[in-house]
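All values below come from the heavy atoms of this structure, side chains included, with hydrogens, waters and symmetry mates left out. Each ligand, and each atom within it, is numbered from 1 in the order the structure gives. In this text, all values refer to a predicted model and were calculated from it rather than measured experimentally.
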Amino acid sequence: MAGAGALLALGAGDAPRAAVRTRAKILIIGAGAAGLAAANRLVHRLEGAEITLLDKRREHLYQPGFTLVAAGIKPRDYVLSTTREYLSSGLNLIEESAAEIDPVAKTVTTDAGRRLSYDFLIVATGLELHYEGIEGMDVSRIGQNGMGSIYAGPAQAEATWRAMSQFADRGGIGVFHRPATEMKCAGAPLKYAFLTEDALSRRGNRSRAELIYHAHNRALFSVPIVAEKVRMLYQQRGIPVNHEHVLTRIDLDRRIATFRTPQGEREQPYDFINVVPPMRAPAVVRNSPLAWRTGPWRAEGWAEVDRGTLRHVVFPEVFCVGDIAGVPKGKTAASVKWQVPVAVDHLVASIEGRSSAERYEGYTSCPLITRVGRALLVEFDYQDNLTPSFPGVIAPLEELWITWMMKVVGLKPTYLAMLRGRA
Ligand SMILES: Cc1cc2nc3c(=O)[nH]c(=O)nc-3n(C[C@H](O)[C@H](O)[C@H](O)COP(=O)(O)OP(=O)(O)OC[C@H]3O[C@@H](n4cnc5c(N)ncnc54)[C@H](O)[C@@H]3O)c2cc1C
């Protein structure tokens with residue numbers, strides 16, 4: 001299946017091949033989607049290696065389900081499990097955080113003061129939600145007084161659903177936006193505006209509400225053809241768009257959001273808002289020699305990797321996969337599915353003393369929900385080409401029931417297979 005890379009499309013996994021014997025020490029920072037997928041693939045490819053995962057968080061969060069929790073479609077526990085459920089035998093897990101990476105000495109120091117050495121390092125820390133970058137924001141108040149934020153975690157996604165549901169009963173002004181930084185799942189803020197509009201319509205309250213989307217730049221989405229499709233749908237659904245609006249401040253008591261615009265600050269009253277925080281690399285990477293040294297990703301601290309191999313450009317024994325990778329596209333679980341096998345193959349090739357021809361072409365995807373029961377399957381690569389996994393079956397820019405079913409039924413089992421290194 002060409003490009004069966006949609007996270008939705010269950011791949012066949014690697015063809016069976018003889019495990020490579022080695023005594024290499026491989027350290028993986030982060031046991032989320034990318035870290036677990038990498039560890040479980042390596043365990044199948046190597047024999048005798050010492051593979052250690054480092055992550056303090058014991059819960060595993062199925063983040064693509066957050067939108068469904070925040071829309072009242074799935075319960076909170078739909079997105080919750082534990083990291084240990086996905087560990088193949090032969091993997092070590094240290095429940096501590098990486099506090100410092102020294103890629104010259106090839107060591108990582110944990111927050112408990114433990115110093116770990118490695119032959120190969122995989123950095124899979126994900127990203128940091130920088131809520132502090134919005135003045136007046138208080139994560140503990142998500143769900144109160146009309147303020148929601150689906151990114152912060154399962155409890156906050158659930159609290160956002162309660163706030164959105166109240167808004168759908170009463171109407172008023174609903175405000176949606178995205179940050180000016182790189183972000184994970186850039187479709188999620190768009191989806192949530194659609195879902196709120198749908199909730200209002202289903203309750204017969206659409207005429208009582210005004211919905212507005214504030215885009216951070218001149219486009220609604222990074223891929224022009226998708227941006228145009230969303231613009232047309234927003235127009236049909238009565239969601240006007242303001243461009244070059246970036247949320248800088250929020251007054252949670254008075255319900256006023258302040259946006260930076262080319263014309264200066266603009267105050268936007270709201271009855272409901274979905275706050276999407278700025279995002280950046282966690283400090284352990286941002287403040288390390290692994291971060292981009294120049295260019296647009298320097299300030300946010302993403303890891304400076306080759307976009308085709310995910311190998312660090314200065315430290316060849318370091319690979320960075322998932323949201324932390326400083327590459328032009330990605331930051332979805334679907335990208336993880338395509339990045340990890342490439343990085344793993346290059347790592348194994350280095351152990352074997354051969355070179356690998358595997359390349360990551362920037363594949364990413366997003367089932368963009370447009371209403372309950374309908375979604376667009378948007379898949380693209382570094383060149384903004386659409387890369388449909390099911391040509392002739394699923395038209396990429398059509399609102400389809402089958403794409404909706406993939407999101408609510410098919411995506412999670414495929415994601416879990418990916419964690420186990422089988423997809
Ligand atoms: C609301 C929402 C909707 C989404 N929808 C979709 C979707 O529809 N489709 C899709 O494909 N993707 C979607 N995503 C994106 C997807 O979930 C992420 O891109 C994916 O989880 C990235 O995997 P990761 O391993 O890089 O990061 P994560 O899965 O976030 O894992 C990072 C791990 O690193 C650990 N860590 C962090 N710092 C350290 C440290 N210093 N030391 C040790 N460990 C550390 C964390 O504890 C965490 O366990 C969505 C995300 C959100 C939030």
Side-chain angles (χ1 to χ4, degrees), residues 5-8 27-39 52-71 79 82-83 86 93-101 108-112 116 122-129 148-154 156-157 160 178 182-192 274 276-277 279 281-288 302-303 310 320-325 330-340 363-369 375 377-379 403 406-408 410-412 414-415 418-419:
L7 183 55
L8 307 159
L27 182 60
I28 303 174
I29 308 179
L36 279 171
T52 303
L53 282 148
L54 193 59
D55 198 326
K56 202 167 200 164
R57 191 171 77 189
R58 293 177 177 191
E59 284 173 329
H60 183 82
L61 305 179
Y62 170 58
Q63 297 171 53
F66 286 11
T67 317
L68 300 176
V69 175
V79 297
T82 60
T83 300
Y86 309 107
L93 173 65
I94 299 177
E95 289 172 343
E96 294 169 21
S97 288
E100 194 186 341
I101 302 169
V108 171
T109 308
T110 73
D111 58 347
L116 302 162
I122 298 183
V123 181
T125 55
L127 54 69
E128 178 183 292
L129 301 173
S149 184
I150 67 175
Y151 273 82
Q156 290 82 3
T160 300
R178 61 150 285 173
E182 298 290 325
M183 64 177 296
K184 54 183 161 188
C185 197
L190 297 167
K191 290 179 216 180
Y192 207 60
N274 177 36
V276 187
M279 302 187 198
V284 68
V285 176
R286 199 172 70 244
N287 301 331
S288 81
W302 309 109
L310 290 316
C320 305
V321 285
D323 293 346
I324 191 63
K331 308 215 191 308
T332 65
S335 308
V336 168
K337 179 167 180 273
W338 284 100
Q339 289 178 358
V340 165
Y363 177 90
T364 191
S365 90
C366 172
L368 219 168
I369 299 170
L377 181 53
V378 177
E379 301 170 277
T403 308
M406 284 177 154
K407 171 76 187 175
V408 295
L411 191 63
K412 189 174 168 188
T414 316
Y415 173 93
M418 175 186 85
L419 292 190

**Student:** What about Q63: any of its N or O atoms under 3.5 Å from an N or O on ligand 1?
**Tutor:** yes

**Student:** Short list, please: which atoms of ligand 1 are under 4.0 Å from a heavy atom of G322?
**Tutor:** 26 (O)

**Student:** Out of P64, A375, A37, A38, who is nearest to atom 13 (C) of ligand 1 when you count heavy atoms only?
**Tutor:**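 Of the listed residues, P64 has the closest heavy atom.
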
**Student:** Return yes or no for this condition: an N or O of A333 is under 3.5 Å from an N or O of ligand 1.
**Tutor:**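 Looking only at distances, the answer is yes, because the N/O contact criterion of under 3.5 Å is met.
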
**Student:** Checking the N or O distance criterion of under 3.5 Å, is ligand 1 in contact with Y415?
**Tutor:**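 No; the residue has no nitrogen or oxygen that sits under 3.5 Å from a nitrogen or oxygen of the ligand.
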
**Student:** At a 4.0 Å cut-off, with the gap strictly under it, does some heavy atom of I29 reach an atom of ligand 1?
**Tutor:** yes

**Student:** Can you tell me if P367 contacts ligand 1 (heavy atom of the residue under 4.0 Å from the ligand)?
**Tutor:** yes

**Student:** Below 3.5 Å, N or O to N or O, backbone or side chain included: is there any such pair between K191 and ligand 1?
**Tutor:**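 For ligand 1, there is an N or O atom that lies under 3.5 Å from one belonging to K191.
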
**Student:** Record the part of L54 in heavy-atom contact with ligand 1 below 4.0 Å; permitted values are side chain, backbone, both and neither.
**Tutor:**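 Contact part for L54 vs ligand 1: backbone (N, CA, C, O).
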
**Student:** With heavy atoms only and a cut-off of under 4.0 Å, state how S335 meets ligand 1: side chain, backbone, both or neither.
**Tutor:**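 It is neither; nothing of S335 touches ligand 1.
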
**Student:** Counting heavy atoms only, which of A334, A281, G126 is nearest atom 27 (O) of ligand 1?
**Tutor:** G126

**Student:** Is there a polar contact between ligand 1 and S365, counting only N or O atoms under 3.5 Å apart?
**Tutor:**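 There is no such contact.
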
**Student:** Is any N or O atom of F66, backbone or side chain, closer than 3.5 Å to an N or O atom of ligand 1?
**Tutor:** no

**Student:** Does any N/O atom on Y151 come nearer than 3.5 Å to any N/O atom on ligand 1?
**Tutor:**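 No; every N/O pair is 3.5 Å or more apart.
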
**Student:** Does the residue E59 have a heavy-atom contact with ligand 1, meaning some pair of atoms that are separated by less than 4.0 Å?
**Tutor:**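 In this structure, E59 fails to qualify as a contact of ligand 1 - no heavy atom is under 4.0 Å.
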
**Student:** Side chain, backbone, both or neither: which part of K407 has a heavy atom under 4.0 Å from ligand 1?
**Tutor:** side chain

**Student:** Please determine if E96 has a nitrogen or oxygen closer than 3.5 Å to a nitrogen or oxygen of ligand 1.
**Tutor:**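 No, there is no polar N/O contact under 3.5 Å.
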
**Student:** Tell me the nearest of A186, C185, A98 to atom 14 (N) of ligand 1, using heavy-atom distances.
**Tutor:**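 Among A186, C185, A98, the closest heavy atom to atom 14 (N) of ligand 1 comes from C185.
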
**Student:** Once you restrict to heavy atoms under 4.0 Å, what part of A33 touches ligand 1? Side chain, backbone, both or neither.
**Tutor:**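 Both parts.
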
**Student:** Kindly confirm or rule out an N or O of P282 lying under 3.5 angstrom from an N or O of ligand 1.
**Tutor:** no

